[in-house]
Amino acid sequence: MSIGARHELARSVSVRYRSANRLDKGRILDEFCAASGYTRKHALRMVLKPPDAKRPRRHRKRASKYTEVEERALSRLWPDSGYLGARRLVAALPDLMAALERHGEWVPETTIREKLLAMSVSTCGRLLKGIRARFKPRGMVTTKPGTMLKKSIAVRTGTEWTDDHPSFFEADLVSHCGETAEGSYLSTLTLTDICTGWTETSALATKTQIEVCQGIDLSLRRVPFDALGIDSDNGSEFINWHLKAYCDKNELLFTRCRPYRKNDQAHVEQKNYSVVRRHAGYARLEGDHHLKALREVLGIVRLLVNYFEPSMKIISKERVAGRLKKKYDAPKTPYQRVLDSMHVDQERKDELTKIYLQLNPAALRRRLKLAKQPLLGQDLISLMEDQNEEP
């Protein structure tokens with residue numbers, strides 16, 4: 001029974017109740033409690049003083065715990081987080097605030113710090129509610145089918161890899177060709193570890209087989225743990241003898257996804273937008289000038305993504321009443337997942353911690369904005385920052 005129906009019932013019962021004797025009043029009150037679901041005490045109050053149908057019901061507004069001071073403080077931290085969504089931002093705030101205080105970028109008052117650290121995800125979403133217009137330009141797909149060599153490279157079925165062990169990477173290529181694939185243009189090679197989410201990107205002058213193989217080798221040497229496997233799409237830039245020989249030489253398990261099944265590489269496909277397109281855009285990039293700028297941008301982005309931007313992993317999927325219900329773990333940065341892994345040496349963890357303590361996220365964001373100017377221009381950078389805000 002709706003609230004309006006309960007109020008209407010209370011008004012009709014009130015007339016009978018006032019004119020009834022003591023015995024009938026008890027019976028009427030019992031019937032009203034059974035029909036409305038109210039407790040007897042509350043039902044008695046409703047019958048004696050029923051809500052007025054003409055006068056709108058007053059809603060008492062609870063005093064807000066978070067004022068404009070906390071909202072301004074959160075707005076100050078949001079750009080330094082990379083415009084994270086509410087759930088990831090709440091998880092990133094402790095480390096982000098500690099890093100900014102450590103480098104003297106921002107030292108909040110104690111009360112403000114305590115309120116921000118105790119903030120829930122829903123409250124964070126309400127405070128960050130604002131302009132969220134999303135514009136998603138479309139880039140061109142330049143992947144071409146590989147050679148007959150793909151018969152020698154197994155299709156990844158999921159049984160060969162263990163997702164709880166770091167070192168298994170998904171690889172993909174992002175083309176910066178703009179609206180035409182003619183001529184020579186830059187590309188970005190992206191490698192993402194399945195277990196930790198650690199992401200490495202390399203700017204390539206061309207997408208030749210040799211340069212892609214060299215980019216993979218450079219990326220794997222920057223990873224803080226040993227690689228055990230690589231999974232790619234069916235493009236000719238990956239399915240070739242150069243990369244096959246490289247994997248055999250370094251004892252890497254080389255697999256490929258199923259044709260026309262992009263979800264087989266969901267981890268790296270997500271990074272193609274959130275890491276590459278979000279900062280390099282969809283414009284055509286070519287020449288040494290753009291190559292130098294793109295390498296500088298990707299070098300800064302890898303530090304921000306791996307050390308300061310938390311991500312969530314799906315724990316389980318369950319279909320309930322025709323809908324797929326997904327359960328995620330607590331948001332963590334790739335750096336935190338590496339520290340939690342028992343498969344990574346303590347010496348490498350200590351090296352990562354030393355690097356992390358030296359990083360200033362606010363300074364990195366300022367450097368990133370300057371580095372993007374040769375690629376996008378100042379006006380386009382400001383526009384993309386507004387459009388790339390996460391919900």
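Basis for what follows: all heavy atoms, side chains included, without hydrogens, waters or symmetry-related copies.
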*Asks:* For Y356, which residues count as a ring pair (Phe, Tyr, Trp, His ring centres under 6.0 Å) partner, sequence neighbours excluded?
*Replies:* F308, Y335
*Asks:* For residues 96-127, which residue pairs qualify under ring-ring contact (aromatic ring centres under 6.0 Å, His included), counting only residues two or more places apart or in two chains?
*Replies:* none
*Asks:* Under the side-chain contact (heavy atoms from CB on, under 4.5 Å) criterion, do E170 and L191 qualify, and how do the steps go?
*Replies:* CA-CA 6 Å; E170 289 182 358; L191 293 181; over 6 Å; no
*Asks:* List for me each residue that meets salt bridge (Lys or Arg N to Asp or Glu O under 4.0 Å) alongside R337, sequence neighbours excluded, and say none if there are none.
*Replies:* D329
*Asks:* Can a side-chain donor-acceptor contact be found between D350 and T353 if the only test is distance below 3.5 angstrom?
*Replies:* no
*Asks:* Which pair of non-hydrogen atoms, one from K349 and one from V338, has the smallest distance, and what is that distance?
*Replies:* CE-O, 3.4 Å
*Asks:* Please tell me whether D233 and Q265 have a donor and an acceptor in their side chains that are separated by less than 3.5 angstrom.
*Replies:* no
*Asks:* Establish, yes or no, whether a centroid distance under 6.0 Å links the rings of Y307 and W198.
*Replies:* yes
*Asks:* Does anything in residues 289-312 form a salt bridge (Lys or Arg N to Asp or Glu O under 4.0 Å)? List the pairs, not counting sequence neighbours.
*Replies:* E200-R302, E309-R365
*Asks:* Dump the intermediate steps for side-chain contact (heavy atoms from CB on, under 4.5 Å) on L189 and F238, then the final yes or no.
*Replies:* CA-CA 11 Å; L189 173 69; F238 294 110; 3.9 Å; yes
*Asks:* Taking CZ in R367 as the centre, count heavy atoms belonging to other residues, nucleotides or ligands within less than 6.0 Å. Is the count above 12?
*Replies:* no
*Asks:* Does one hydrophobic cluster hold both L128 and M312, with members joined at side-chain heavy-atom distances below 4.5 Å?
*Replies:* no
*Asks:* Can you name the nearest heavy-atom pair linking E237 to V212, along with the distance?
*Replies:* O-CG1, 3.6 Å
*Asks:* Out of T201, L204, V276, L375, which residue meets the side chain to side chain contact (heavy atoms under 4.5 Å, CB included) rule with L294?
*Replies:* L375
*Asks:* Can you name the side chain to side chain donor-acceptor pair (under 3.5 Å) partners of S75, sequence neighbours left out?
*Replies:* none
*Asks:* If you compare all heavy atoms of P361 against all heavy atoms of D80, which two are closest, and at what distance to 0.1 Å?
*Replies:* CB-O, 4.4 Å
*Asks:* For the residue pair T255 / D231, report whether a side-chain donor-acceptor contact shorter than 3.5 Å exists.
*Replies:* yes
*Asks:* Counting only heavy atoms not in I210, do more than 12 fall under 6.0 Å of its CD1?
*Replies:* no
*Asks:* For Q346, I'd like to know if atom CD has over 12 heavy atoms of other residues, nucleotides or ligands within 6.0 Å.
*Replies:* yes
*Asks:* Using the side chain to side chain contact (heavy atoms under 4.5 Å, CB included) definition, which of the options L352, I355, V344, D345 pairs with P224?
*Replies:* L352
*Asks:* Are the side chains of D24 and Y17 in contact, using a 4.5 Å heavy-atom criterion?
*Replies:* no
*Asks:* Given D172, which partner from the list T192, N272, T188 fulfils the side-chain hydrogen bond (donor to acceptor under 3.5 Å, both in side chains) test?
*Replies:* N272
*Asks:* Report the residues that fulfil ring pair (Phe, Tyr, Trp, His ring centres under 6.0 Å) with H289, sequence neighbours left out, ordered by chain and then residue number.
*Replies:* none
*Asks:* List the atom of L298, the atom of S202, and the distance in Å for their closest heavy-atom pair.
*Replies:* CD1-C, 4.0 Å
